[in-house]
Asker: 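Have a look at this one.
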Amino acid sequence: MTSPTHAGWQSKLYVPVASSRPDQPADFSKLDIPAAGACARPATDAAAEQTRDLAYGLVRVLDDNGQACGDWNPQLSPDQLRQGLKHMLAVRAYDERMFRMQRQGNLSFYMKCTGEEAVAVAQAMALESGDMLFPSYRQQGLLFVRGRPVLDMMCHCLSNSRDNIKGRQLPIMYSWKEGNFFTISGNLGTQISQSVGWAMASAYKGEDHVSAAWVGDGTMAAADVYHALHFASTYRAPALLNVVNNQWAISTPQSFACTGTTFAARAQGFSMPGIRVDGNDFLAVYAVTQWAAERARQGHGPTLIELYTYRVASHSTSDNPDAYRGKDEAAQWPLGDPLERLKAHLIAIGEWDDAQHAAVEAELKAEMTANWKEAIKYGSLEEGPHWPVSAMFEDVFKEMPGHLRKQRQDLGV
Amino acid sequence: MTSPTHAGWQSKLYVPVASSRPDQPADFSKLDIPAAGACARPATDAAAEQTRDLAYGLVRVLDDNGQACGDWNPQLSPDQLRQGLKHMLAVRAYDERMFRMQRQGNLSFYMKCTGEEAVAVAQAMALESGDMLFPSYRQQGLLFVRGRPVLDMMCHCLSNSRDNIKGRQLPIMYSWKEGNFFTISGNLGTQISQSVGWAMASAYKGEDHVSAAWVGDGTMAAADVYHALHFASTYRAPALLNVVNNQWAISTPQSFACTGTTFAARAQGFSMPGIRVDGNDFLAVYAVTQWAAERARQGHGPTLIELYTYRVASHSTSDNPDAYRGKDEAAQWPLGDPLERLKAHLIAIGEWDDAQHAAVEAELKAEMTANWKEAIKYGSLEEGPHWPVSAMFEDVFKEMPGHLRKQRQDLGV
Amino acid sequence: MPAMNMIQALNSAMDVLMERDPAVLVMGEDVGYFGGVFRCTEGLYEKYGAHRALDMPIAEGGIVATAIGMGVNGLRPVVEIQFADYIYPAFDQIVSELARLRHRSGGEYSAPVTIRTPCGGGIRGGQTHSQSPEGVFTHVCGLKTVMPSNPYDAKGLLISAIEDDDPVIFFEPKRIYNGPFDGDHHKAGQPWANYPQGEVPEGYYKVPLGKAAVVRPGSDVTILAYGTMVHVAAAAIETAGIDAELIDLRTLLPLDTETIAESVQKTGRCVVIHEATRTSGFGAELVAEVQESCFWHLKAPIERVTGWDTPYPHAFEWEYFPSQERIIDAIQRTLETD
Amino acid sequence: MPAMNMIQALNSAMDVLMERDPAVLVMGEDVGYFGGVFRCTEGLYEKYGAHRALDMPIAEGGIVATAIGMGVNGLRPVVEIQFADYIYPAFDQIVSELARLRHRSGGEYSAPVTIRTPCGGGIRGGQTHSQSPEGVFTHVCGLKTVMPSNPYDAKGLLISAIEDDDPVIFFEPKRIYNGPFDGDHHKAGQPWANYPQGEVPEGYYKVPLGKAAVVRPGSDVTILAYGTMVHVAAAAIETAGIDAELIDLRTLLPLDTETIAESVQKTGRCVVIHEATRTSGFGAELVAEVQESCFWHLKAPIERVTGWDTPYPHAFEWEYFPSQERIIDAIQRTLETD
Ligand SMILES: Cc1ncc(C[n+]2csc(CCOP(=O)(O)OP(=O)(O)O)c2C)c(N)n1
Ligand SMILES: Cc1ncc(C[n+]2csc(CCOP(=O)(O)OP(=O)(O)O)c2C)c(N)n1
Ligand SMILES: [Mg+2]
Ligand SMILES: [Mg+2]
């Protein structure tokens, strides 16, 4: 060991800090929130440079009175709005139920998306069914919009005999080919660059489908994100690259990933529009996604979308955020709750009321309970039944080679 | 095999093209060259946003008449200018000699930096000796400025008994600790992110040294570049991140790496100044480097510098560019030759003449010849002598473990 | 002597060295303010500051590259990769750079980086929180590879690793962070405090790299294991009542070939155990090594008991994990012959 | 039948499949307009267009990720990694994604990607143009690993690899691109046209994955080799006049264990050869496998002849490269016993 062991170094190294930590008051004073309707909506064929301001702004449609304002208003029908609200409520009901089941020992693991429901729900609604989704682990909303049976989702989370991926992955690492929902990876970031390849293949085949991928703010540091930006830009891939900036990466604040500007700003360096949107504003998220999808389908290439939101719950059931962030931070989050905001809008335009809302909530709760009761019949991780043990050796290759057959025999299954 | 085998796909995939290929005339019409002196020089503590224009401009000091113009003129003394010119001439003389020696079978490999000499020479002169250099393989000029004996460089390239790295790497993969010149890696990009760690350690220890790293335009796609930008920005590392945009990455034009904008533009997404500079303009390169080093030393963090230049020679001795680029492209390159331009400037200010120039050239040629004759006495790759064979087993670890001792014995050395 | 679990012992190793040498710092995802998702760096941020318990962006390749640069500039970084499953994004930096720096520069440059990472299964972590990639690193010359099996060794080996001037990949079997695990997941685990290896000195001490430990002497068969499998093997030996010699390798590279050869030359039989997938796992090297050094003493084929050649499963964790039963079967097969 | 060197044979394999299937495309650094730094994709750009002979930015991790996405979307990408030494930046995408896609999705998704990459030494390429990383990939379940030793096999195996619905890592020993190499670098090389394996059909044919070839039958000792070392081994056998059975593995995973076992059970002796570093190389797996399947037939320890555990050297290439002499010594050691 040859290191200098003298002390006396006076560090000048800058290390980012969190805006608040336990025992500090929440501090969102640096967050500059433009009024709803303030951002202009460029044409979908605008040159990337012309969209620069959107990277530093925050596209918002819903104002504090529940009114939809400005160019970005996607003009959805009341039915569409109600549908969106119901999907978000379903996601929340599902999350609540599953979280509780994990706490009761029925699931090995769970992750909620509380406060971020608008992201996946509005984005999925703005896309078409042939578009391919490359989600991270916090976009369960996509599955609700695409119509995946809750029973199947639960069976996956239980790793039981009806789990479509045969008990092979942690809960919430869904895969659903029928719904063009890609198999979720536990490795952060890896799929965003794959999504670009998928989109390139779509163009190669002359098809109109676009891809959409999601990463978190923390994951914006991953090399794969850079590859995605780089390749998408080089080949003008019809790809939507989404960053869900929920302010935290486990215990690490976004200041470690955001490098002093916005995530959306990173797009300009690749001649790509980068748009920052209020992620808790269902209408704004819908509108921006629609814009980017249209742009991609028209052949004008990819868009980076930064969805500005907040992770209300713990990172996962293995995490306790009280150890690293202020208890009241979620409550202080200035962009509100996406469900409440869409509800307020629907009420403001006379298309919804509290009673209807309560009824849907009750219905969803019952639906989750019923599905859970059904799902657990097909088994659970600890109690079984699972798939037959021999399933472990399948799908490593399309056809099982000799050495795996032998290993299966050695195990006696 | 289950792929669709029907034809009839009509590809819509965009694939970048080169501005010219063999049998096409060179085309630099898209290159927008601002006049010398046109770019403003911000204060070294300017906020990154205030430097944005520099990412899209091209800092130039020397005009077509050999005059130094504008704010960026570093006001070097005639002695410094002559020194710079001599270093560049030395680099070129060295390259010529070594290239010929490779062609004659004396070296296994060689890479020239013809046309790019100003990059390494001016940058090294603008830095201080305690600053750490993380070069790619085309910055041999750094060694000349730092005063490495040519004999040692040649002995390395010959892998002979006097090679300071014991015959372990290809020619040109220099390492020179005494001169704070890092060991060159054959893997592109890997060292730019390491340089950021070096710079962070400098800050950690409270020191004033900065790091400087170089990658090529093609290498700007590598993940390590993103890590470098990301980490340098996050911790405000005193680091200079240099992209030598010589227009080509072997056969691949910069359009595959540049994604439709400038490389310097990538910096803004990390709150970092990105400056595009005429890489064939010795004064401009010096000035921009000096600016970035001063900024870093003042604690304002990293800068990305795009050095706009042209790779006049083949990629390496294993390459034949006639197969992929127009023969006249180098001649058409609108930013000229860095040596000629500095020479013209020195002549224009009355500090140099053709006779002096010719004398230095002759002297350098003789010096290279003398050094070569000396170097080859210490051996060559094919003829030896080399280090003793046992050296192969050393330095894998600080102390040789048993299994390597045994392998060395098995080989009988 | 205080009782420590493995987390506390590792924490103590870092603390002791940070106290002694300002060049030592810890860095990685969530290691600073929060103290690490497994709490291994808890308290170091408060004690040594944000720049010495350094939170980092989620880019393992960037983290290792940064550590290399720091190491070259006189620091002694201790990197945490949150799970060994996430070491692959740093693979190029480890293999092409960290491991080769000293050699390719003729000894001019080197970086004394230690990479700590929790590995292995048995925690219901699924395929991305359960992997055992140690074998791959033993194929990369220029790296040392370590895996402790108890708190005492963990602290002593980590101190040796950090002080070592060569790069060390330090695998921490997370299943035994809190207490040993004998492979029976139905049984309630016992904390390390109940075991002698849970007694860990507070201060500085070393367990040398490159030295295996004979956990249990025996004469009928040699069992080579490391990490969690040391405990499963010990229990299997006990259960089956076999007079086996159990060797805890502790360091995989450089491997303590003398201790191994001495044992197998005595017993004439050998079983090699690891959690990692079988084909080309470190067990293959152990078998190759043993058959080279002990061929004329071998009375039965060397057996490998390993994870299967499949991704680490979620539902079938206990069918995958090398069980006491599989170990006993393998031992018995080797004993059947003469 | 036309004479082809290995480059032409590989080119022909890609050409034949691109002609048959619009889903097949080749992609990588300098593979398009230029036709690859080793010219393996020459002419495909002109024939099939820029989008099917696709130049790519220098980001191996991005290239493989893109190929995965394409594979999932119905294409059959053939990736070229310019040198095997540069495959590590793509390691995470290969190991964590490409290899595990099918399994982790319960069979819903997969990507039939083939990764071609020139490997091995003997070309004065120094440590970053000479590596043989094949062993590492054989430890990753879900990948097939192939290395041909001659033009005929190269074409037939590459067609099998591209048509295979699982990912295949296809290593091309660049030392024998133009002709076989017997380890004696002083001798002028002969082009493939002078050898029967240089006769390669123009059209479609397959050499199956997972099947080794007995290059030379013999009864005294079994030699296991692949790639360039097949030729060095053949020359060594010839030089020493030994009645050895030489097996060219061709596919490392899945390994043709039957052919191997049959041979070793016959000869009772075995020498394993590769260029890669020794410790935990694929040779270790071969030794482990052979001693498991043939223990009772073995008359001598299985020998490994490999590269040393150092980075691939520039000046000492021929001291590093497994030579005929070292192979003969090893064979003779195995024959000395009885
Ligand atoms: C490559 C990799 N490194 C580390 C981890 C461990 N990890 C899981 S989630 C997480 C934080 C991710 O934060 P972010 O991207 O912001 O997503 P969020 O959880 O906030 O939705 C980390 C570090 C991982 N899964 N993969
Ligand atoms: C990781 C990696 N991938 C590929 C290569 C092969 N290679 C060597 S030089 C080169 C082109 C580099 O181009 P650029 O970065 O523009 O630098 P230049 O040669 O123009 O100076 C390539 C692809 C490599 N050395 N490392
Ligand atoms: Mg987050
Ligand atoms: Mg270049």
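Just so it is clear, the structure is predicted and the values come from calculations on it, not from any experiment. In what follows, chains are A, B, ... by sequence order, proteins preceding strands, each numbered from 1.
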Asker: Using the side chain to side chain donor-acceptor pair (under 3.5 Å) rule, collect all pairs that involve residues 400-413 of chain A, keeping only residues at least two apart or in two chains.
Answerer: K406(A)-D410(A), Q407(A)-D309(C)
Asker: If we only count heavy atoms from C-beta on, is the P171(A) to H314(C) side-chain gap below 4.5 Å?
Answerer: yes
Asker: Is the Y324(A)-Y33(C) ring centre distance short of 6.0 angstrom?
Answerer: no
Asker: Say you draw a straight line from CG of N187(A) to CD of E60(C); how long is it, rounded to the nearest 0.5 Å?
Answerer: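 Here the rounded value is 8.5 Å.
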Asker: Look up atom CG in L54(C) and atom CZ in F256(A), then write down how far apart they are to the nearest 0.5 Å.
Answerer: 7.0 Å
Asker: Most heavy-atom pairs under 4.5 angstrom with chain C, which of S251(A), S159(A), S318(A)?
Answerer: S251(A)
Asker: With a strict 4.5 Å heavy-atom criterion, list every residue of residues 13-23 of chain A that contacts chain C, or say none.
Answerer: L13(A), V15(A), R21(A), P22(A)
Asker: Side chain to side chain contact (heavy atoms under 4.5 Å, CB included) between R124(C) and F109(A): does it pass, once the steps are laid out?
Answerer: CA-CA 9 Å; R124(C) 285 300 197 199; F109(A) 181 77; over 6 Å; no
Asker: Flag yes if more than 12 heavy atoms outside E383(A) fall under 6.0 Å of its CD atom; otherwise flag no.
Answerer: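 Incorrect, the count does not exceed 12.
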Asker: Does any backbone or side-chain atom of I250(A) lie under 4.5 Å from a heavy atom of chain C? Answer side chain, backbone, both or neither.
Answerer: both
Asker: Against chain C, label A223(A) side chain, backbone, both or neither, depending on which of its atoms sit under 4.5 Å from a heavy atom there.
Answerer: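 Neither part.
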Asker: For E42(C), which atoms come within 4.5 Å of any heavy atom of chain A: side chain, backbone, both, or neither?
Answerer: neither
Asker: Sort A257(A) into side chain, backbone, both or neither according to what part of it lies under 4.5 angstrom from a heavy atom of chain C.
Answerer: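 Contact with chain C: none, neither part.
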Asker: Does atom CD (E325(C)) have a neighbourhood of more than 12 heavy atoms from anything else shown, all under 6.0 Å?
Answerer: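 No.
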Asker: Among the options G125(C), P311(C), G35(C), pick out the one with the most heavy-atom pairs lying under 4.5 Å from chain A.
Answerer: G125(C)
Asker: Contact between E319(C) and L411(A) at the side-chain level, heavy atoms closer than 4.5 Å - yes or no?
Answerer: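 Answer yes - side chains close enough.
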Asker: What part of D319(A) is in contact with chain C, defined as an atom under 4.5 angstrom from a non-hydrogen atom: side chain, backbone, both or neither?
Answerer: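 Just its side chain gets close to chain C.
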Asker: Non-hydrogen atoms of chain A under 4.5 Å away: do they reach the side chain of Y312(C), the backbone, both or neither?
Answerer: backbone
